[in-house]
Number of protein chains: 2
Amino acid sequence: MPNPTSRPYHHGDLRRTIIETAMAMLHEDKGWQFTLREVARRAGVSHAAPYKHFPDKAALLAEMALLGFDSLHKALTTVKPKKSNSLRDEFFAVGRAYVRFGTANPGLYRLMFSAEAGKAVDVHLSERALAVFGVITELLVRGQTAGVLRKRDVRGQAATCWAQMHGATMLTIESLLLIEKVGPDPLDAALLTLLEGLEN
Amino acid sequence: MPNPTSRPYHHGDLRRTIIETAMAMLHEDKGWQFTLREVARRAGVSHAAPYKHFPDKAALLAEMALLGFDSLHKALTTVKPKKSNSLRDEFFAVGRAYVRFGTANPGLYRLMFSAEAGKAVDVHLSERALAVFGVITELLVRGQTAGVLRKRDVRGQAATCWAQMHGATMLTIESLLLIEKVGPDPLDAALLTLLEGLEN
DNA sequence: CCCATAAGTTATCACTGTCAACATTGGAGC
DNA sequence: GCTCCAATGTTGACAGTGATAACTTATGGG
C-alpha cells in the first residue's frame, strides 16, 4: 500500500525536474561542482534515477547547453530598442542583451561554450545554436541593404561580431574586465568600436 | 642497497617533471580528462607524490595557467613583422600570434581562462596574466601618439581588442568558426574590422 | 657520523559516474 | 475489471578519483 506521506514511487515528470534542478545548481555556480548524484539528491530521487532519462552526464549537460542557446536566442530576438528604429540602436541593444545574458547566467553560458557538453561540436553545430549566429547575420544583412554597413562578406562580419560579444562576455564573467582596470563601460566602448569598423 | 636498474627513491626534480608531464597531457587534449593520478602514473611516481609539491590539483592547474600566460606573453612580444614597421602590420602580427597561440595549445588556452584553475580571479589578476593586457595597451598607446588611432580611453580599446582576440580564439578552438560556414579567413576579417574601428 | 627533514610510498576514506539486478507502478488490451 | 508488460525508480556494486595520514628512505648540514 502506498504511504501517503512519502512521495509516490513514480515521480511523474522527473526529466523536467532533473533539468530544472540542474539549472538551479548551475545558477548557484558554487565553484563549478556539478555532480549528477547531487542533482538526484536535490530532486529527491535515488542516485541512479537520472540514468532512466539521460544516458550520460554529458547528455544532460548537452541538453542544458541547448536549452541555453534557445534562451539566448530568445533574449536576442525579443529585445526591442526603445523608440528609435535605427540600426545603431538595435546593434547596441542586441550586443548588450547578449552580454547581459552571459553575465546573468555565467554558469550556463560557460557550459554552452565548454567542451564538457559532450562532443561539443555536435552541440554547437546544432540548429538551435546556429540560430544565435543567424540573429547577428540577419541584423548585418539588413544593415548592408540599408547601406549603413560596408558590403563585405556577411559571414565574416557576423563571426567578428560574435567573437567580440563572446570575448566581452567571457572576460566579464571571468572578472577580467574589471571596471577600475579597464574604464567605465568596456562593453559599450567595445560595441562602438566594433560598429565603427563595420559602418560605411 | 639501491637497485641500479630502478629509479632512485628520490626523483630529483619531480616538480618540473610533474608540470611537464601535465603540460604534455594537456596538449594531447583527449577529451579534457586530466587526472592527478594519471599525471603521477606517467611521471612514474606514486599517486600521492604530487602532493609533496602542490597542495592541490587546483594549485597545479593554476601554476600551469600562469606558465601559459608567460608563454603567451612571450609569443606576443617576440613577434616581428617581416619588413614594414607600420602599426597596421604589427597589429595584424600580434593578433595572429595571439590566436595562433590559442589554436596551437587549445587545452592550455582553455585552462588559462577556465574557472578550474583554482580561484580563477587570483590567477587572472596576477601580474603575469596582466602582462598580456599590457602588450596590447602598449601597442595602442603607440598608435595613438603616432596619430594613427583615435584618442579614446586606451584601456577600453585594449579591452575591446582583447575581447576580439579571445573570442576569435575560443570560437576557433571550439570549432565554431568553421571556414565553410563563416568565410575564407574569419580571423583576418575580424582584425581588419576591429582595426578600422580603431583607426582615425 | 648522525639525525632532522624533505621527498617518496602505501593504505585508507569519502565521493563520483556508471551499470546490473531488483522493485514498483501505470496503463494497454482482453 | 483483471492481467501482464514496459517504463520508471531503487539498491548495491565496481572502478577510479582527490585528498590525508602514517610510514619509509635518503640527503646534507652540524
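Just so it is clear, the values below take in all heavy atoms, side chains as well, and ignore hydrogens, waters and symmetry mates. Note on naming: letters A, B, ... go to the chains in the order of the sequence lines (proteins, then strands), and numbering restarts at 1 for each one.
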### Query
Contact class for A/His53 vs. all strands (heavy atom < 4.0 Å): base, sugar-phosphate, or nothing?
sugar-phosphate
### Message
At less than 4.0 Å, is any side-chain N or O atom of B/Arg15 found next to OP1 or OP2 of C/dA6? Yes or no.
### Response
no
### Message
Using only modelled atom types and a 3.5 angstrom limit, is any donor from either the side chain of A/Arg37 or the base of C/dT18 paired with an acceptor on the other?
### Response
yes
### Interatomic distance, A/Leu36 CG vs C/dG17 P [rounded to whole Å]
5 Å
### Query
Between D/dG18 atom P and A/Gln33 atom CD, what is the distance in whole Å?
17 Å
### Message
One pair to check against salt bridge (charged side-chain N to carboxylate O under 4.0 Å, His left out): A/Arg152 and B/Glu196. What are the steps and the verdict?
### Response
CA-CA 13 Å; A/Arg152 290 198 183 135; B/Glu196 287 174 346; 3.0 Å; yes
### Task
Mind calculating the distance between CZ (B/Phe54) and P (D/dA19) to the nearest angstrom?
13 Å
### Message
Rounding to an integer number of Å, can you tell me how far B/Asp13 CG sits from C/dA6 C1'?
### Response
14 Å
### Distance, rounded to the nearest Å, where B/Arg42 contributes CZ and D/dT17 contributes P
12 Å
### Summary
Testing C/dG17, D/dT11, C/dT10 for proximity to the side chain of A/Thr35, the answer is C/dG17
### salt_bridge(B/Glu28, B/Arg42) N-O dist < 4.0 Å
yes
### Query
So, does the side chain of A/His47 form a donor-acceptor pair with the base of D/dG12 at under 3.5 Å?
yes
### Query
Of the non-hydrogen atoms in B/Gly147 and B/Asn200, which two are nearest, and what is the gap between them?
O-ND2, 3.0 Å
### Query
Is a donor-acceptor contact shorter than 3.5 angstrom present between the side chain of A/Lys57 and the base of C/dG17?
no
### Message
If I take atom OH in residue A/Tyr51 and atom C1' in nucleotide D/dT10, what distance separates them, rounded to the nearest angstrom?
### Response
15 Å
#### Entry: Spacing of B/Phe34 atom CZ relative to D/dG16 atom P, expressed in whole Å
19 Å
### Message
Rounded to whole Å, please give me the gap between CG in A/Leu14 and P in C/dT24.
### Response
18 Å
### Query
Ring centres of B/Phe133 and B/His73 under 6.0 Å apart?
no
### Task
Decide, yes or no, whether a salt bridge links B/Glu90 with B/Lys80 under the criterion of side-chain N to carboxylate O below 4.0 Å.
no
### Message
Please confirm whether the shortest side-chain N or O distance from A/Ser46 to OP1 or OP2 of D/dT11 is below 4.0 Å.
### Response
no
### Message
Return whichever of A/Lys52 or A/Arg41 has its heavy-atom-nearest nucleotide of DNA chain C closer to the 5' end.
### Response
A/Arg41
